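Every heavy atom of this structure was used, including side-chain atoms; hydrogens, water molecules and symmetry mates were not. Computed from a predicted structure; not experimentally measured.
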Amino acid sequence: RFLSGDDNDGYARVLEVREFEFPRDHGSHPDYRSEWWYFTGNLNGESGNRFGFELTFFRFALTPRRGDRESPWGANQAWMAHLALTDGSERRFVAAERFSRGALGLAGSTSAPFSLHLEDWSVASSGPKFSPLTLNAATDEGEIHLTLTALKDVVRNGASGVDKKGPEDGNASYYYAITRLDVTGEIRVRQHEEQVTGLAWMDREWGTSALSRDLEGW
């Protein structure tokens, strides 16, 4: 629903290579139609068990500009977050997702210091620099409380940070990644809870267009 349709008038477009500006670009870009922050990793428990996690936040603009609504509930940004956890020893997988609007403090992001949240699910810098980051997300079926510390610098994906989604002008995203982050913390999958260490990576994209009509995939 959010990525469908061709009405991109009024939104910013990815038309050329640009220099990424940090910390500003770690935060949201509401003039573009959509963006996301991916955190994914492989973890080792104290017992030797293996775990996996994924925590992703999505922002979708519903209109190019926010209207003149007096209600504090009024918003033109919708947010979604997804959590997935895998327990290798118990062969269990759990997943959950949440939706909210960018109003009343329910969901949103800042760039300096960096923070990202949807209700009580969050990613945030633990100091003045972007790294280390703290990740917190919990459901009845599982939860994570992790600290991620970057071991590498930002990598530009695609052509100098521009990832084409099709041949049309503007049908692309700005895309960078941090491909190696050290992880420490705790994970719970159902009743199985352990202290963990491991490695993770972060992907960041924002843009206005989705795939061309004759293309399929992600």
Is a side-chain donor or acceptor of [X] paired with a backbone partner of [Y] at a separation under 3.5 angstrom?
X	Y	result
S126	P132	yes
N42	G52	no
R204	G27	yes
T134	A124	yes
T110	A112	no
S28	S109	no
N76	T63	yes
E35	H29	yes

Task: Crowding at CZ, R50 (>12 non-hydrogen neighbours, <6.0 Å) - done: no
Open item on the list: If you count heavy atoms of other groups shown closer than 6.0 angstrom to CG of D169, is the number above 12?
Closed with: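 No - once you tally the heavy atoms of other residues, nucleotides and ligands closer than 6.0 Å, there are 12 at most.
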Task: Matching residue for F22 among Y176, F130, F114 - test: ring-ring contact (aromatic ring centres under 6.0 Å, His included) - done: Y176
Roughly how far apart are [X] [atom1] and [Y] [atom2], rounded to 0.5 Å?
X	Y	atom1	atom2	result
L148	L135	CG	CG	5.5 Å
T208	N171	OG1	CG	10.0 Å
E90	N49	CD	CG	7.5 Å
W201	T179	CH2	OG1	10.0 Å
E46	Q195	CD	CD	5.5 Å
S100	L118	OG	CG	5.0 Å

Would you say the side chain of [Y] lies within less than 4.5 Å of the side chain of [X], judging by non-hydrogen atoms?
X	Y	answer
F53	L43	yes
F51	V189	yes
F39	T56	no
V14	V162	yes
W36	W206	no
H82	E54	yes
E19	R156	yes
L83	T139	yes

Is [X] salt-bridged to [Y], going by a charged N under 4.0 Å from an acidic O?
X	Y	result
E205	K165	yes
E194	R188	no
R18	D25	yes
E168	R13	no
R98	D120	yes

TODO: Answer yes if F93 and L146 sit in the same cluster of Ile, Leu, Val, Met, Phe, Trp and Tyr residues linked by side chain heavy atoms under 4.5 Å apart, and no otherwise.
DONE: no
Task: hydrophobic_cluster_shared for L133 and F20, side chain cutoff 4.5 Å - done: yes
Task: Stepwise side chain to side chain contact (heavy atoms under 4.5 Å, CB included) check, F58 with F99 - done: CA-CA 9 Å; F58 302 87; F99 297 85; over 6 Å; no
Distance alone, cut at 3.5 Å: any donor-acceptor contact between the side chains of [X] and [Y]?
X	Y	result
Y175	D203	yes
H145	E186	no
T147	T184	no

TODO: Sort out for me which residue in L199, I178, L181 forms a side-chain contact (heavy atoms from CB on, under 4.5 Å) with L151.
DONE: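 So the option named by the test is L199.
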Taking all non-hydrogen atoms of both residues into account, name the closest pair between [X] and [Y] and its distance.
X	Y	result
V17	A159	CG2-O, 3.8 Å
S34	F60	CB-CD2, 3.9 Å
G102	A75	O-CB, 3.7 Å
L55	S122	CD2-O, 4.3 Å

- [ ] For side chain to side chain contact (heavy atoms under 4.5 Å, CB included), just list the numbers for F57 and W121, CA-CA rounded to whole Å, side-chain angles, deciding distance to a tenth of an Å, and then say yes or no.
- [x] CA-CA 9 Å; F57 290 79; W121 291 8; 4.1 Å; yes
TODO: Please test D163 against N157 for side chain to side chain contact (heavy atoms under 4.5 Å, CB included), starting from the C-alpha separation and ending with a verdict.
DONE: CA-CA 7 Å; D163 188 43; N157 293 355; 5.7 Å; no
Open item on the list: Against D87, only a single residue in R92, Q191, H192, R190 fulfils side-chain hydrogen bond (donor to acceptor under 3.5 Å, both in side chains); can you say which?
Closed with: H192
Task: Parallel, tilted or perpendicular: rings of W37 and W79 (30°, 60°) - done: parallel
